[in-house]
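Just so it is clear: chains get the letters A, B, ... in the order the sequence lines come, proteins before strands, and each one is counted from 1.
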Protein chains: 2
Amino acid sequence: MGTTQLETVPEPKYWHLKTVLTEALDSEFSVGEILPNERDLAARFGVARATLRQALEQLELEGRLQRRRGVGTTVAPPRMGVAVGSEQHTWPGAADDAWKPTDCTLAVAPATVADLLETDRDENVHTVRRSRVSHGQPVAAELIYIPESSVPDLSAIDAPSGPARARALLRELQHLELEGQEQSVELGSVSAEDARELDRLPGAPVLVVTTRFYADARTAAVSVATYRADTCRLTFGATGGVEIHHDPERRAS
Amino acid sequence: MGTTQLETVPEPKYWHLKTVLTEALDSEFSVGEILPNERDLAARFGVARATLRQALEQLELEGRLQRRRGVGTTVAPPRMGVAVGSEQHTWPGAADDAWKPTDCTLAVAPATVADLLETDRDENVHTVRRSRVSHGQPVAAELIYIPESSVPDLSAIDAPSGPARARALLRELQHLELEGQEQSVELGSVSAEDARELDRLPGAPVLVVTTRFYADARTAAVSVATYRADTCRLTFGATGGVEIHHDPERRAS
DNA sequence: TAGTGGTCTAGACCACTGG
DNA sequence: CAGTGGTCTAGACCACTAA
């Protein structure tokens with residue numbers, strides 16, 4: 001009757017808010033700029049703070065915003081491209097400065113990893129912990145699981161743990177001939193443990209990259225790497241070649 | 001004084017809830033089973049519904065739960081592995097039954113895509129729309145952008161749009177020699193348009209796979225594929241070989 | 001200490017699904 | 001139609017950061 005608008009589906013407020021904010025970010029804000037605080041923003045748009053937050057959460061998920069408790073909300077830079085797969089497959093730790101081994105232990109792996117390794121679920125495996133920094137920011141935390149059978153010559157190493165032993169373990173891996181690797185990417189949320197290392201709160205979204213390394217006609221190692229989903233764009237293939245460089249939106253005053 | 005617990009960091013309720021629910025899912029529920037509704041669950045745990053929902057949201061993000069409005073919350077099956085990159089790079093549409101072309105148009109591409117294609121931002125490009133189904137479920141929606149210069153021999157095709165023309169366009173692509181491709185994966189939220197196709201509400205998390213196809217020493221096409229993050233695990237490399245098959249948790253009564 | 005984002009509550013109403 | 005999840009409100013308090 002009186003309605004000229006069909007409005008088949010009334011758009012949720014937070015969704016409309018997100019659209020408005022996205023346009024504002026593209027046109028009126030530049031990278032690093034701080035937004036008004038949530039209470040002010042909510043008042044300005046005439047919504048409850050929780051509703052405003054729902055919009056901000058989505059924008060953070062999309063890598064447009066960065067929020068830090070006690071500080072504020074800032075406009076995020078475009079996601080950085082991070083190479084995780086290359087044409088010429090290599091073992092972790094091979095002349096690869098992006099990663100820094102931090103520690104290693106000998107313990108039972110999670111059941112899912114044990115299945116990939118085709119080892120018994122209660123069998124001890126070496127676990128190397130590494131972290132990756134890019135552009136001065138921590139971007140990933142990784143655990144590499146290596147069955148004892150993959151590195152038989154470990155007698156010369158004394159230290160039971162620590163970065164030195166971690167490096168030695170990875171060095172041992174290089175002796176095996178890598179026959180292939182297989183990777184998968186899925187969405188996850190960061191564990192309390194990795195959260196500190198990635199400088200995020202527990203539960204933040206991450207991209208989990210699982211890599212299976214083949215050598216000697218079996219699975220010689222498995223790596224589970226956890227990348228910050230807000231700041232990273234994982235790149236595969238054609239490393240060294242031309243880089244995909246996104247430019248999410250060119251306008252910026 | 002009276003406190004024996006140090007409790008350096010009081011764990012948020014929703015985080016603890018998530019842990020409890022995860023354990024319950026592993027031990028007391030089987031795939032497909034429906035959970036009690038949110039109001040009952042919240043009451044049972046003595047928290048507000050919003051808090052309970054925060055935990056459920058995370059579990060859905062991790063692919064453990066599936067929620068449908070008007071129906072209920074069910075235990076999700078393990079994520080399915082979906083191949084998105086292969087050793088032998090091929091053009092889209094090559095003897096590849098996983099995708100179904102649905103439509104195509106000739107229009108200007110988004111600025112970010114135009115940059116990848118190295119075309120002018122106001123230049124018209126062919127846009128082919130495809131959707132991918134796996135195990136009876138829609139898993140991805142894709143847009144393939146093809147500059148007119150990549151498919152010069154399109155005179156024989158009559159239809160200005162529709163699946164037939166889409167297939168013809170992809171067929172034309174096969175004539176070019178593919179020199180390489182480059183992919184990236186990042187987190188996004190599903191557009192209102194793709195949401196219908198993927199059977200999710202707008203804003204649901206998705207994995208966005210951007211592929212750049214090289215031929216003739218330039219970028220001959222760009223594809224932007226949107227995969228459901230809740231149900232998919234993207235696999236790269238070694239297709240046809242042994243499959244990584246996750247088994248998130250073996251126990252199930 | 002003042003100000004920020006993060007958590008939490010106890011309601012309310014809406015949109016959708018199925019019988 | 002009853003029951004489900006999705007949206008929204010108007011508060012409150014907490015944890016953290018920086019001045």
Side-chain angles (χ1 to χ4, degrees), chain A residues 6-19 21 33-61 64-76 189-190 192 195-196 199-205 230, chain B residues 6-19 21 33-61 64-76 189-190 192 195-196 199-205 230:
Chain A
L6 228 297
E7 279 293 341
T8 54
V9 173
E11 197 175 48
K13 278 190 187 177
Y14 79 93
W15 185 259
H16 179 245
L17 251 184
K18 188 192 129 185
T19 308
L21 285 171
E33 204 168 337
I34 59 178
L35 269 62
N37 72 56
E38 298 183 348
R39 291 163 179 85
D40 285 355
L41 270 182
R44 181 177 313 186
F45 286 109
V47 299
R49 192 179 154 217
T51 306
L52 186 267
R53 276 179 63 81
Q54 219 173 332
L56 294 186
E57 263 151 36
Q58 283 231 0
L59 289 171
E60 193 178 27
L61 198 79
R64 302 295 313 257
L65 292 180
Q66 189 163 352
R67 298 192 288 173
R68 275 180 304 167
R69 171 156 53 175
V71 180
T73 302
T74 59
V75 180
S189 48
V190 71
R196 257 194 318 282
D199 193 28
R200 303 254 27 190
L201 289 179
D230 56 341
Chain B
L6 228 297
E7 280 292 344
T8 54
V9 173
E11 198 174 48
K13 279 190 187 178
Y14 79 91
W15 186 259
H16 179 244
L17 251 184
K18 188 191 127 186
T19 308
L21 286 170
E33 203 168 337
I34 58 178
L35 269 61
N37 72 55
E38 297 183 350
R39 291 164 179 85
D40 285 353
L41 270 182
R44 180 176 315 186
F45 287 109
V47 299
R49 190 177 157 219
T51 305
L52 185 268
R53 277 180 62 82
Q54 220 173 330
L56 294 185
E57 263 151 35
Q58 283 231 359
L59 289 171
E60 192 177 28
L61 199 78
R64 303 296 313 259
L65 293 181
Q66 189 164 352
R67 299 193 286 174
R68 274 182 304 166
R69 170 157 49 180
V71 180
T73 302
T74 59
V75 180
S189 47
V190 72
R196 257 192 317 282
D199 192 28
R200 304 256 22 188
L201 289 178
D230 56 341

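- Considering only side-chain atoms of B:Val47, the nucleotide from D:dG5, C:dG6, C:dT9 that sits closest is C:dT9.
- Of the candidates D:dT7, D:dG6, C:dT9, C:dT9 carries the atom nearest the B:Lys13 side chain, counting heavy atoms from C-beta on.
- B:Pro202 and A:Tyr14 get closest at one heavy-atom pair: O-OH, 4.1 Å.
- When rounded to the nearest whole Å, the span between CD of A:Glu57 and P of C:dT7 equals 9 Å.
- For B:Gln54, the side-chain atoms get nearest to C:dC8 when compared with the rest of C:dT9, C:dC8, D:dT7.
- Rounded to whole Å, atom P of D:dG3 lies 17 Å from atom CG of B:Leu41.
- Here the nucleotide nearest the side chain of A:Arg67, chosen from D:dG6, D:dT7, C:dG5, is C:dG5.
- Counting heavy atoms from C-beta on, the side chains of A:Val75 and A:Leu35 come closer than 4.5 Å.
- Atom CG in B:Asp40 sits roughly 11 Å away from atom C1' in D:dG3 (whole-Å rounding).
- Note that CG of B:Leu17 is 8.0 Å distant from OG1 of B:Thr51, once rounded to the nearest 0.5 Å.
- Remark: B:Asn37 is in phosphate contact with D:dT4, judged by side-chain N or O atoms under 4.0 Å from OP1 or OP2.
- Within the structure, a side-chain polar atom (N or O) of A:Thr51 is placed less than 4.0 Å from OP1 or OP2 of D:dT9.
- Atom CZ in A:Arg49 sits about 11 Å away from atom C1' in D:dC14, given to the nearest Å.
- Between A:Leu52 and A:Gly70, the one whose closest nucleotide on DNA chain D sits nearer the 5' end is A:Leu52.
- Whole-Å rounding puts the A:Glu11 CD to C:dA15 C1' distance at 15 Å.
- For A:Arg53, the side-chain atoms get nearest to C:dT7 when compared with the rest of C:dT7, C:dT4, D:dT7.
- B:Arg68 comes within 4.0 angstrom of the backbone, heavy atoms only, and of no base.
- Of the candidate nucleotides C:dG6, C:dA10, D:dT7, C:dA10 has the atom lying nearest to any side-chain atom of B:Ala48.
- Between the C1' atom of C:dC16 and the CZ atom of B:Arg200 lies a distance of 15 Å, rounded to the nearest Å.
- Taking CH2 of A:Trp15 as the start and CD of A:Gln54 as the end, the distance is 11.0 Å to the nearest 0.5 Å.
- Following rounding to the nearest Å, A:Tyr14 (OH) and D:dG5 (P) show an atom-to-atom distance of 17 Å.
- For B:Ala50, counting side-chain heavy atoms from C-beta on, the closest listed nucleotide (C:dA12, C:dT7, C:dT9) is C:dT9.
- Heavy atoms of B:Leu56 sit nowhere under 4.0 angstrom from any nucleic acid atom.
- Residue A:Leu65 comes nearest to A:Leu56 through the heavy atom pair CD1-CD2, 3.6 Å, listed as atom of the first residue, atom of the second, then distance.
- Taking only distance into account, the side chain of A:Arg39 never meets the base of C:dG3 through a donor-acceptor pair shorter than 3.5 Å.
- Picking from D:dC8, C:dT9, D:dG6 the nucleotide with the shortest atom distance to the side chain of B:Arg69 gives D:dG6.
- If you take CD of B:Glu38 and P of C:dA10, they are 16 Å apart, rounded to a whole angstrom.
- Under 4.0 angstrom from either OP1 or OP2 of D:dT4 there lies no side-chain N or O belonging to B:Thr73.
- Salt-bridge formation is detected for the pair A:Glu60/A:Arg200: a Lys NZ or Arg NE/NH1/NH2 atom is positioned less than 4.0 Å from an Asp or Glu carboxylate oxygen.
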